[in-house]
Amino acid sequence: MTANKTIGEGMGTKRRWVLAMGALAVGMATSLSALAANVLQDVRYASAPGGKVDITLEFSEPVGDVQAFTTDTPPRIAMDLPGTSNGLDQRRIVIGSGATSAVSAVEAGGRTRVVVDLFRPAGYTTRAAGNLLVLTVDGGAQPNSLATGPDPTKKVATALEVANIDFRRGENGSGRVILKFNGDGAAADMRNEGNRLVVDVANASIPEALRRRLDVTDFATPVQSLEPNANAGSTRLVIHTNGAVDSMAYQTGNEYVVEVTPKRGAAGTIVAGAPGRAAGAVAGEPEAKRYAGRPVTFNFQDVPVRTVLQLIAEESGLNVVAADTVQGNVTLRLMNVPWDQAMDIVLRAKQLDKRRDGNVIWVAPQKEIADFEKAVADARIANEDREPLVTEYIPVNYGIAEDIAGLLTDESKQAQTTGGGGGETRAGGGFLSPRGSVSFDSRTNTLLVIDIQSKVDEIKNMLATLDRPVDQVLIEARIVVATEVFARELGVMFGVQDRTGVLPNSNETTTDSGFIVDLPVNPAAGILNLSILRQDIALDLELSALEEEGRGEVVSNPRVITANQREAIIRQGDEVAYLTIQPAATPGAVAQATVEFKEVLLELKVTPTITQDGRVYLNLAVKKDEVSELVANPSGGFVPQIARREVSTAVLIDNGQTVVVGGVYEFSNREDLRKVPFLGDLPVLGNLFKNKSRGIQKAELLIFVTPRILQVAHRGS
């Protein structure tokens with residue numbers, strides 16, 4: 001047995017209960033104890049032709065007696081299920097199709113009541129089969145229908161036709177397809193078919209000029225191309241996509257909008273297969289708004305905006321207050337879209353805006369909200385102009401009162417200080433009201449503020465945040481200069497002495513030729529002398545050699561502590577004196593000698609900045625000078641020659657980390673040869689006519705820097 005009831009057009013606004021025309025009689029042999037144990041386990045729905053919706057209720061046992069009734073304000077269908085408990089996980093299931101808005105189930109007093117919310121009055125039928133109960137809700141009469149005859153005040157609508165097809169790049173790399181018609185009432189339907197979306201508009205035609213393929217790959221969105229065509233007198237638009245995408249559609253007035261976005265995971269990242277360029281291919285594109293609401297699915301055809309806002313309010317758990325000026329209908333097709341994004345789409349489609357205060361959202365036309373906020377701002381300014389001024393003396397502990405006074409106004413300029421070392425700045429903006437002013441006393445480091453009470457409180461709150469001790473940084477530098485020297489030299493001297501002129505029994509020589517080859521090492525580390533004597537001739541041979549090796553290391557370790565973002569300088573060194581001679585200006589005059597000085601310094605200059613993640617950014621300059629030698633001055637005296645080592649850089653370092661910020665490596669290799677021409681080139685014997693020397697020098701400069709943050713405990717923390 002089935003029951004059918006339609007709510008007529010002439011029903012009043014007063015709520016009344018209508019007893020169903022019949023009751024379903026199934027399972028008459030089922031005992032009362034079995035009925036008491038029945039459980040509503042599942043609710044599912046499916047759209048049917050003609051705007052109908054089939055709602056299937058599944059129970060654990062065969063369905064017992066069902067009492068159905070309807071209400072007209074608001075339009076609802078309710079069914080009482082005696083002896084049945086509610087086993088559903090969800091209290092409310094949103095449908096949003098045809099005349100059906102949502103279905104909910106509540107258990108109370110040993111029975112379960114199933115309520116179907118409607119957008120408009122509609123008829124229904126029920127049928128039972130075993131443990132299934134199917135409720136079919138009709139599409140209902142569309143608002144503003146002409147069921148009672150034509151309205152002479154309304155114009156007869158012309159045949160719908162596609163007026164334009166537009167494509168735009170939307171937020172977050174989405175592709176937005178806009179179908180514009182020459183009138184309202186387009187019956188559009190969209191479905192997914194693999195990597196394409198198909199939009200059919202059954203009651204609109206498309207002119208020949210718009211039936212052309214559009215390539216939109218240059219927009220860097222998931223949409224690749226659009227193919228509009230005629231389809232048996234109607235319009236079909238095929239949207240070709242690339243990768244994993246999400247799609248939604250909404251209709252307002254004479255526009256039908258389809259948005260295609262890259263599919264994203266829970267963390268907001270593009271899932272595998274989604275087009276990577278779509279998320280941010282355009283340089284400088286602002287980051288898209290992120291939505292975190294629970295996903296909802298809406299499929300509305302010409303539904304009042306206020307009804308859609310009511311559904312969103314129920315899904316979000318928030319209170320939505322719509323202004324009386326919020327009117328009109330909207331057509332939506334949204335699949336698994338966050339409720340907050342669905343609300344933004346509805347507001348954008350109807351030129352509405354929202355403001356949130358706690359768990360209450362106020363919705364009104366954009367102009368109405370703008371006018372309201374302007375009126376509030378004007379009223380606040382008017383109240384400030386009438387509010388009395390107060391005077392406050394605010395001590396500054398860690399900052400400088402003069403600097404803080406400059407932060408409080410856009411036009412702060414230091415005035416001439418009075419006897420107390422103070423000054424005054426007049427406000428033209430900033431933290432002060434137009435009538436406010438701020439003064440400072442440098443002796444006591446105190447601010448003198450004259451303004452309305454609310455502005456004075458703001459300044460106190462600002463100082464509570466800004467007037468705190470800053471952390472300090474210990475910067476330690478190590479400058480290492482390492483040198484290594486190696487030298488080797490070989491020399492020879494030999495000669496022949498003629499003893500023919502030596503008198504008998506005498507050691508004196510009459511003739512002495514001396515050394516004929518003189519290539520010694522000077523100074524020599526060792527000498528080997530060999531003499532060969534014959535009766536009349538003496539041969540003297542002297543070999544000399546030198547090998548020198550030296551290593552040296554100079555370490556300088558300057559340290560300095562400074563506050564965050566404050567420059568610190570530490571120096572150590574000497575001033576080397578030298579003479580400069582000024583020649584006499586006139587004959588007979590005396591030359592003038594002047595003593596001048598040159599600085600030879602070890603210097604560390606650094607400005608640290610502590611980053612938010614606990615690292616240190618250093619802007620530093622390190623210098624180390626040495627006197628390398630004294631150069632003779634032609635006018636007299638000596639001038640020092642300075643060897644300079646210097647590095648200037650900026651580096652980001654972890655707290656306590658040691659890094660090498662600079663280094664120089666020098667290597668010198670020199671070989672010298674002195675020899676007697678021709679004789680020095682002889683094989684083997686040529687070594688007796690040569691002087692060889694070889695020298696190697698190495699020098700290395702390394703600069704190490706280590707910053708350490710010295711945190712200062714804040715007062716009151």
Side-chain angles (χ1 to χ4, degrees), residues 394-415 417 421-423 425 427 429-432 438-449 458-479 556-573 601-624 646-662 703-717:
I394 307 175
V396 180
N397 296 312
Y398 305 103
I400 300 175
E402 181 178 356
D403 294 341
I404 295 178
L407 295 175
L408 298 179
T409 173
D410 298 337
E411 301 174 359
S412 60
K413 294 182 180 179
Q414 181 179 358
T417 57
T425 57
F431 287 87
L432 302 175
V438 59
S439 306
F440 60 89
D441 181 65
S442 59
R443 296 176 306 170
T444 59
N445 206 32
T446 302
L447 289 177
L448 290 76
V449 181
E458 289 180 9
I459 294 174
K460 288 182 177 180
N461 293 334
M462 181 198 71
L463 287 178
T465 302
L466 300 181
D467 189 23
R468 294 189 176 188
V470 296
D471 293 337
Q472 303 179 53
V473 182
L474 168 64
I475 299 100
E476 178 181 2
R478 289 191 296 278
I479 306 169
S556 304
N557 187 202
R559 300 182 182 183
V560 66
I561 295 178
T562 183
N564 185 30
Q565 296 184 342
R566 290 298 181 97
E567 184 183 64
I569 302 175
I570 184 171
R571 294 189 181 99
Q572 179 188 7
L601 297 177
L602 167 64
E603 180 183 81
L604 171 64
K605 183 186 298 183
V606 60
T607 302
T609 300
I610 302 175
T611 63
Q612 294 295 328
D613 56 358
R615 295 190 286 178
V616 182
Y617 180 82
L618 295 179
N619 194 339
L620 58 87
V622 182
K623 179 172 68 174
K624 188 180 189 310
E646 184 175 353
V647 62
S648 178
T649 185
V651 62
L652 181 64
I653 312 175
D654 290 336
N655 181 27
Q657 180 185 13
T658 300
V659 298
V660 179
V661 298
I703 301 176
F704 301 85
V705 175
T706 305
R708 290 183 174 87
I709 299 175
L710 308 178
Q711 294 184 341
V712 179
H714 295 170
R715 184 181 62 183
S717 61

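Checking side-chain atoms of Asn655 against main-chain N and O of Ile709 turns up a donor-acceptor pair under 3.5 Å. No side-chain donor-acceptor contact under 3.5 Å links Asn557 to the backbone of Ile479.
The salt bridge (charged side-chain N to carboxylate O under 4.0 Å, His left out) search around Lys460 returns Glu392, not counting sequence neighbours. The side chain to side chain donor-acceptor pair (under 3.5 Å) check on Asn461 picks up nothing, with sequence neighbours excluded. By the side chain to side chain donor-acceptor pair (under 3.5 Å) test, Ser556 is found to be paired with no residue, residues two or more places apart in sequence or in another chain being considered. Under the salt bridge (charged side-chain N to carboxylate O under 4.0 Å, His left out) criterion, Arg708 pairs with Glu476, not counting sequence neighbours. Taking the side chain to side chain contact (heavy atoms under 4.5 Å, CB included) definition, one finds that Val659 meets it with Ile653, Gln657, Val661, sequence neighbours left out. Remark: Thr465 engages no residue in a side chain to side chain donor-acceptor pair (under 3.5 Å) (not counting sequence neighbours).
The minimum heavy-atom distance linking Pro608 with Leu618 is given by the pair CB-CD2, 3.7 Å. Here the closest heavy-atom approach between residue Ile561 and residue Gln472 is recorded as CG2-OE1, 3.6 Å. Considering all non-hydrogen atoms of both residues, Ala568 and Val560 come closest at CB-CG2, 3.6 Å. Between Asp467 and Pro395, the shortest heavy-atom distance links the atoms OD2-O, 4.2 Å.
Residues Val473 and Val606 form no side-chain contact, since every pair of their non-hydrogen atoms from C-beta on lies 4.5 Å or further apart.
From Ile394, atom CD1 reaches atom CG of Asn445 across 12.5 Å, with rounding to the nearest 0.5 Å. Note that OG of Ser442 is 10.5 Å distant from CD1 of Ile400, once rounded to the nearest 0.5 Å. Taken to the nearest 0.5 Å, the CG atom of Asn564 stands 11.5 Å off from the CG atom of Leu710. Distance check: Thr706 OG1 to Arg559 CZ gives 9.5 Å after rounding to the nearest 0.5 Å.
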